[in-house]
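In what follows, a single structure is set out as structure tokens and then discussed.
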Amino acid sequence: MLPPPVIVEHDGFRVVRDDLIPGGTKRRVLTEVFKQKAAAEFVYPSIPDGYGAIGVALAAKDNGKSARLFYAELPHAQWTDLMKQAEAAGATMVMVPGTHDDAIKAAAEYAGKHPTSLLLPLGFAMPEYEQELANIARSLPVTPEQVWVASGTGTLTRAFQQAWPDAEHHAVVVKDKGSTGNAVRHYLTAEFEQAAVKPPFPSSDTFDAKVWGFMKREAKPGALFWNVGG
């Protein structure tokens, strides 16, 4: 059983500190989602600095199941800490010659040939993931007026719009690969990146941390930021 999310105040904002558990929010949600699945193995195409992989690896382990992660080929000496953590958690690491698109194709081909394996969509953009995340958010002892997240596939902000429909939602678009629902969208610029303000807690430099500068400039006091991992 994972501990519930911890909310800590930083610079006048409320921050959900899921960097405090290994695998962060993705592990938290996937551990519950995997309980509902008959699959013995979960398959996911990841990127070297992606938190999805460690989330899959640990959630599979939490449920006594297996994880198989596909990456564009990278020499072991160049593996990121997240890749090493995923392997240490028991995941089978598969290096695929070529690009990330090749890894995605290889993962799909593998899952298609193995009936007990389940291919997970990029960003975990599936209804059960969003619903479980919304349920977790609703369980928190807060009713935020304003919610900020980083966005790739839009899964986070869509889930939080379900959980807190009366809040004002903001999505900092790191990758534009899915709908952000009714959220106000904020876009990164080269000038903004150069003047980026890092949060005073562990956060992914390539994803969640990019929200902090926008919040410092535009968010209301008491706004809630969901830090997926660190």
Within the side chain of Asp102, is there an N or O that forms a donor-acceptor pair under 3.5 Å with the backbone of Thr99?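 Checked: pair present.
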
Ser139 side chain vs Ile136 backbone, donor-acceptor pair below 3.5 Å: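 Here the side-chain-to-backbone pair exists.
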
Audit row: Val173, Leu188, side-chain contact (heavy atoms from CB on, under 4.5 Å) steps and yes/no: CA-CA 7 Å; Val173 180; Leu188 298 167; over 6 Å; no

Are [X] and [Y] side-chain neighbours, meaning at least one heavy-atom pair lies under 4.5 Å?
X: Thr155; Y: Tyr129; answer: yes
X: Asp49; Y: Thr206; answer: yes
X: Ile7; Y: Val15; answer: no
X: Val16; Y: Leu140; answer: yes
X: Pro22; Y: Gln85; answer: no
X: Arg14; Y: Val142; answer: yes
X: Trp212; Y: Phe201; answer: yes
X: Ile21; Y: Pro3; answer: yes

Determine the minimum heavy-atom distance between [X] and [Y], stating which atoms define it.
X: Val96; Y: Ala106; result: CG2-CB, 3.8 Å
X: Val211; Y: Ala150; result: CG2-N, 3.4 Å
X: Leu58; Y: Ala89; result: CD2-CB, 3.7 Å
X: Ala57; Y: Ala86; result: CB-O, 3.8 Å
X: Thr180; Y: Gly154; result: CG2-CA, 4.4 Å
X: Leu118; Y: Ala39; result: CB-CB, 3.7 Å

In the single-linkage hydrophobic clustering (I, L, V, M, F, W, Y; side-chain heavy atoms under 4.5 Å), do [X] and [Y] co-cluster?
X: Leu69; Y: Trp79; value: yes
X: Leu156; Y: Met215; value: no
X: Met83; Y: Leu120; value: yes
X: Ile54; Y: Met93; value: no
X: Val8; Y: Leu224; value: no

Sub-6.0 Å ring centroid separation between Phe160 and Trp226: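 Yes; Trp226 has its ring centre under 6.0 Å from that of Phe160.
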
Kindly check if the number of other-residue, nucleotide or ligand heavy atoms within 6.0 Å of [atom1] ([X]) is above 12?
X: Glu109; atom1: CD; result: yes
X: Lys105; atom1: NZ; result: no
X: Asp176; atom1: CG; result: yes

Quick one: [atom1] on [X] to [atom2] on [Y], what's the gap to the nearest 0.5 Å?
X: Leu74; Y: Met95; atom1: CG; atom2: CE; value: 7.0 Å
X: Phe225; Y: Ser203; atom1: CZ; atom2: OG; value: 4.5 Å
X: Leu122; Y: Lys177; atom1: CG; atom2: NZ; value: 6.5 Å
X: Arg185; Y: Thr157; atom1: CZ; atom2: OG1; value: 10.0 Å
X: Gln78; Y: Thr80; atom1: CD; atom2: OG1; value: 11.0 Å
X: Trp164; Y: Thr143; atom1: CH2; atom2: OG1; value: 8.5 Å

Report yes or no: do [X] and [Y] form a side-chain donor-acceptor pair below 3.5 Å?
X: Glu41; Y: Ser66; answer: no
X: His10; Y: Arg17; answer: yes
X: His170; Y: Glu168; answer: yes

Please walk me through it: do Lys216 and Asp11 pass side-chain contact (heavy atoms from CB on, under 4.5 Å)? CA-CA 8 Å; Lys216 293 286 287 183; Asp11 297 349; 3.3 Å; yes

Note: [X]-[Y] ion pair, threshold 4.0 Å (strictly below):
X: Glu128; Y: Lys37; result: yes
X: Glu32; Y: Lys35; result: yes
X: Arg158; Y: Glu130; result: yes

Trace of the ring pair (Phe, Tyr, Trp, His ring centres under 6.0 Å) decision for Trp148 with His169: CA-CA 6 Å; Trp148 289 73; His169 292 268; over 10 Å; no

Picking from Tyr51, Tyr44, Phe34, what satisfies ring pair (Phe, Tyr, Trp, His ring centres under 6.0 Å) with Phe124?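 Answer to the ring pair (Phe, Tyr, Trp, His ring centres under 6.0 Å) test with Phe124 among Tyr51, Tyr44, Phe34: Tyr44.
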
Would you mind telling me which of Asp19, Val149, Thr25 makes a side chain to side chain contact (heavy atoms under 4.5 Å, CB included) with Asn227?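 Going through the options one by one, the only one that passes is Asp19.
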
Begin from the C-alpha positions of Val33 and Met126 and carry the test side-chain contact (heavy atoms from CB on, under 4.5 Å) through to its verdict. CA-CA 10 Å; Val33 170; Met126 47 188 179; 4.2 Å; yes

